[in-house]
Amino acid sequence: MKNKKLIAGLAVLGLLVVSAAAYFGVNGGNKTGLLDEDAFRAVADIENEEFSYFDSEAVALSSMSDTDTGLRAIAYEAYDQVNDQRAQAGLNGLKWDKNLETAASVRAQECSISFSHTRPSGKAWYTVNSKIQGGENLAFGFDTADDAVEAWMNSPTHRDNILYDEFQKVAISIYQDDDGTCYWAQEYGY
């Protein structure tokens, strides 16, 4: 009886691992992925929100962390590529926003703990600063702007955020954890 329960438990665990790998886009030794969920808020949702959220503690911790100039340069490369994609679609470019950069920095660090549009605290992705966060794209494992932007553009939900004509602002942050994995957060605003 114990063996049957053990085998059933291992089968369920195996199914969960395979499902998670498919969900996050992890294939074999390729440890890169996107979260294929919609992370978008209409401007009316922001304007009509009963309670606004601002996580001052996370923002303070984020601004205290060292900024890797190499990763920041890659984030700016991705920003330029996003604006190139928008130009090709006949859209205006997005302006880099320092407040969104702070939110992106918080989210990139949080994604190294829990790769999700739900923050480790259990709150929604936009609760770093709900008055400015209108959309979010996440990625992990990409080391270059080319690879990250290509992956986002090949994903319908991420592409929709990149090419949403009402967004006016954006910022991208990359956090590299101890094992060298890069976590990307791209935050959009109106």
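The first residue in the sequence is number 1, and the count goes up from there.
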Which heavy atom of [X] sits nearest to which heavy atom of [Y], and what is that distance?
| X | Y | result |
| --- | --- | --- |
| L94 | N83 | N-OD1, 2.6 Å |
| A78 | A145 | N-CB, 3.4 Å |
| F40 | W125 | N-CZ2, 3.6 Å |
| A104 | I172 | CB-C, 4.2 Å |
| A185 | R107 | CB-CB, 3.8 Å |
| Q176 | C182 | NE2-SG, 3.9 Å |

Would you check if [X] and [Y] make a side-chain contact, meaning some heavy-atom pair closer than 4.5 Å?
| X | Y | answer |
| --- | --- | --- |
| V128 | E187 | no |
| R159 | S155 | no |
| H158 | M153 | no |
| F140 | T181 | yes |

Roughly how far, to the nearest 0.5 Å, is the [atom2] atom of [Y] from the [atom1] atom of [X]?
| X | Y | atom1 | atom2 | value |
| --- | --- | --- | --- | --- |
| W152 | D147 | CH2 | CG | 11.5 Å |
| K131 | N99 | NZ | CG | 14.5 Å |
| N92 | D165 | CG | CG | 9.0 Å |
| Q186 | I162 | CD | CD1 | 5.0 Å |
| H117 | N137 | NE2 | CG | 7.0 Å |

Side-chain ion pair, E101 and R72, N-O less than 4.0 Å: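 Looking at R72 together with E101, the answer is yes, because their closest N to O distance falls below 4.0 Å.
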
In terms of the angle between their ring planes, are F115 and Y183 parallel, tilted or perpendicular, with boundaries placed at 30° and 60°?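 Geometry flag for Y183 against F115: tilted rings.
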
Residues sharing L100's hydrophobic cluster, by side-chain heavy-atom contacts under 4.5 Å among ILVMFWY, directly or via others?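 Members besides L100, by chain and number: I132.
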
Mind checking whether W96 and Y76 have ring centres under 6.0 Å apart?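 Yes, the ring centres sit under 6.0 Å apart.
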
Applying side chain to side chain donor-acceptor pair (under 3.5 Å), name anything that partners Y190, two or more places apart in sequence or on another chain.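 In terms of side chain to side chain donor-acceptor pair (under 3.5 Å), with neighbours along the sequence ignored, Y190 is linked to no residue.
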
